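Note that the structure is predicted; figures quoted are calculated from it, not measured.
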Amino acid sequence: EAAPGNSLDQLAIMTPDGEILVSGLCCRIVSDIPAGSGSTLPESGHARRGVSFEGLTMLQTERINQFIQNHTSEMAN
């Protein structure tokens, strides 16, 4: 289990069908909620990690926004 910290990490974002949409994203972990922690997670056995992106290029930002628009659902008000 990783704890939030100041060290940089890298990640990639994949579509549900396994296509790598964007890779090499520098980020910092800002929260880490393990599976079974009692929080409401969409599926059993999944964990949730919050990250803060660092030094994104314009293309990386556009690809992240594209992913959010195409592969996430709107939150109910």
Side-chain angles (χ1 to χ4, degrees):
E1 172 181 326
N6 290 329
S7 62
L8 282 177
D9 204 351
Q10 282 197 348
L11 61 80
I13 295 177
M14 297 173 63
T15 61
D17 63 1
E19 174 190 354
I20 295 177
L21 188 62
V22 61
S23 62
L25 299 169
C26 290
C27 63
R28 293 184 195 280
I29 298 169
V30 296
S31 67
D32 200 8
I33 303 170
S37 67
S39 67
T40 306
L41 295 173
E43 295 182 38
S44 176
H46 285 124
R48 180 178 294 161
R49 176 166 286 173
V51 298
S52 172
F53 295 111
E54 305 271 331
L56 295 175
T57 67
M58 184 66 85
L59 179 59
Q60 289 172 323
T61 301
E62 290 172 3
R63 298 302 302 258
I64 291 168
N65 287 333
Q66 177 187 5
F67 176 82
I68 291 169
Q69 291 174 0
N70 294 328
H71 299 287
T72 62
S73 58
E74 291 186 36
M75 294 183 66
N77 291 330

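For Q60 and R63, the side-chain atoms include no donor-acceptor pair closer than 3.5 Å.
In terms of the ring-ring contact (aromatic ring centres under 6.0 Å, His included) criterion, residue partners of F67 (sequence neighbours excluded) are, by chain and number, H71.
The line from OG1 of T15 to CG of D17 is 3.5 Å long, rounded to the nearest 0.5 Å. Between atom CG of residue D9 and atom SG of residue C26 there is a gap of 9.0 Å, rounded to the nearest 0.5 Å.
Under the 4.5 Å side-chain contact rule for hydrophobic residues, I68 and M14 do not share a cluster. L21 and F53 end up in the same hydrophobic cluster when Ile, Leu, Val, Met, Phe, Trp and Tyr side chains are linked at under 4.5 Å.
Taking each heavy atom of V30 and V51 in turn, the nearest pair found is CG2-N, 3.8 Å. Heavy atoms only, all atoms of each residue included: S23 and I20 are closest at CB-CG2, 4.0 Å.
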For I64 and L25, run side chain to side chain contact (heavy atoms under 4.5 Å, CB included): C-alpha distance rounded to whole Å, both residues' side-chain angles, the deciding distance at 0.1 Å, then the answer. CA-CA 10 Å; I64 291 168; L25 299 169; 4.2 Å; yes
